[in-house]
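Everything on this sheet refers to the single structure shown next.
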Amino acid sequence: MTPIEGLAARLREFAAARDWEPFHTPKNLVMALAGETGELLAEFQWLTPEESATVMTDPEAGARVRAELGDVMTYLVRLADALDVDLVEAAHAKLDESERRYDPRTYRGTARKAPPLP
């Protein structure tokens with residue numbers, strides 16, 4: 001069992017023990033994920049780029065960021081489990097697509113967006 005599969009199984013058991021499966025619909029999980037992502041965003045909202053790069057050196061801010069990342073991860077894994085999506089496979093597929101779209105010679109050092117693949 002991979003670490004993500006283990007986490008998914010633990011989250012499934014956690015929800016089952018509380019009879020929360022009826023609430024863990026894909027719609028509700030994606031909404032919860034969006035909310036937690038917003039809470040993570042709030043931790044960085046007014047930081048300068050330099051402050052954001054060192055946020056984990058502040059024990060209080062670092063603890064809050066770590067907690068929000070944990071929330072985002074648990075909802076993402078729970079959502080993928082509910083939809084029967086292999087997150088690692090999906091991430092590799094997306095990276096494969098990005099490698100085709102963003103040729104290093106053309107896009108090195110630029111943030112411009114590539115056109116969609118044909």
Side-chain angles (χ1 to χ4, degrees):
M1 183 178 294
T2 69
I4 289 179
E5 290 169 339
L7 178 57
R10 185 173 174 198
L11 289 166
R12 213 177 302 122
E13 291 168 10
F14 180 86
R18 290 153 182 82
D19 196 24
W20 286 353
E21 296 99 331
F23 309 110
H24 284 197
T25 65
K27 179 201 73 81
N28 287 351
L29 291 168
V30 78
M31 290 178 71
L33 175 60
E36 293 301 337
T37 303
E39 290 180 19
L40 177 61
L41 175 67
E43 292 298 327
F44 289 86
Q45 185 172 8
W46 302 114
L47 301 182
T48 65
E50 295 77 21
E51 290 169 333
S52 72
T54 61
V55 71
M56 298 309 288
T57 63
D58 176 328
E60 289 179 15
R64 289 191 310 270
V65 167
R66 187 173 288 105
E68 295 306 337
L69 285 168
D71 286 341
V72 168
M73 179 73 167
T74 56
Y75 278 115
L76 179 62
V77 169
R78 188 75 177 114
L79 175 62
D81 188 47
L83 295 172
D84 197 27
V85 171
D86 181 320
L87 279 174
V88 174
E89 182 181 296
H92 279 291
K94 185 64 179 180
L95 184 54
D96 289 345
E97 178 185 316
S98 292
E99 285 177 332
R100 289 190 304 274
R101 288 183 66 204
Y102 293 95
D103 174 64
R105 292 167 293 172
T106 304
Y107 290 95
R108 185 179 315 277
T110 179
R112 93 173 174 256
K113 191 156 175 71
L117 289 172

Under the salt bridge (charged side-chain N to carboxylate O under 4.0 Å, His left out) rule, what pairs show up with a residue in residues 62-79, not counting sequence neighbours? Glu43-Arg64, Arg78-Asp81

Hey, does His24 have a side-chain heavy atom less than 4.5 Å from the side chain of Glu21? no

Where is the tightest heavy-atom contact between Ala61 and Val55, given as atom of each residue plus distance? CB-CG2, 3.8 Å

Using the rule that Ile, Leu, Val, Met, Phe, Trp and Tyr join whenever any side-chain heavy atoms are under 4.5 Å apart, tell me whether Leu7 and Leu69 fall into a single cluster. yes

CG/Leu40 to CE/Met73 distance, rounded to the nearest 0.5 angstrom? 13.5 Å

State, to 0.1 Å, how close Asp19 and Pro22 come at their nearest heavy-atom pair, and which atoms those are. O-CD, 3.5 Å

Could you list all the salt bridge (charged side-chain N to carboxylate O under 4.0 Å, His left out) pairs where at least one residue sits in residues 45-62, not counting sequence neighbours? none

Other residues, nucleotides and ligands only: do more than 12 of their heavy atoms fall within 6.0 Å of CZ on Arg101? yes

Are Met31 and Phe23 linked, directly or through intermediate hydrophobic residues, by side-chain heavy-atom contacts shorter than 4.5 Å (ILVMFWY only)? no

Cation-pi check, Arg18 onto Phe14 ring (under 6.0 Å, within 45° of axis): yes

Side-chain heavy atoms under 4.5 Å apart, restricted to Ile/Leu/Val/Met/Phe/Trp/Tyr: what other residues fall into the cluster of Trp46, or is it alone? none

Mind checking side chain to side chain contact (heavy atoms under 4.5 Å, CB included) for Leu79 and listing every partner two or more places apart, or none if nothing turns up? Pro26, Leu29, Val30, Leu33, Leu83

Name each donor-acceptor pair under 3.5 Å that joins a side chain in residues 103-113 to protein atoms two or more places apart or in another chain, with its distance.
from: Asp103; atom 1: OD1; to: Arg105; atom 2: NH2; distance (Å): 3.1
from: Asp103; atom 1: OD2; to: Arg105; atom 2: N; distance (Å): 3.3
from: Asp103; atom 1: OD2; to: Arg105; atom 2: NE; distance (Å): 3.4
from: Asp103; atom 1: OD2; to: Thr106; atom 2: N; distance (Å): 3.2
from: Asp103; atom 1: OD2; to: Thr106; atom 2: OG1; distance (Å): 3.2
from: Thr110; atom 1: OG1; to: Arg112; atom 2: N; distance (Å): 3.2

Can you list, pair by pair, the side-chain donor-acceptor contacts under 3.5 Å of residues 88-97, counting residues two or more places apart and other chains?
none

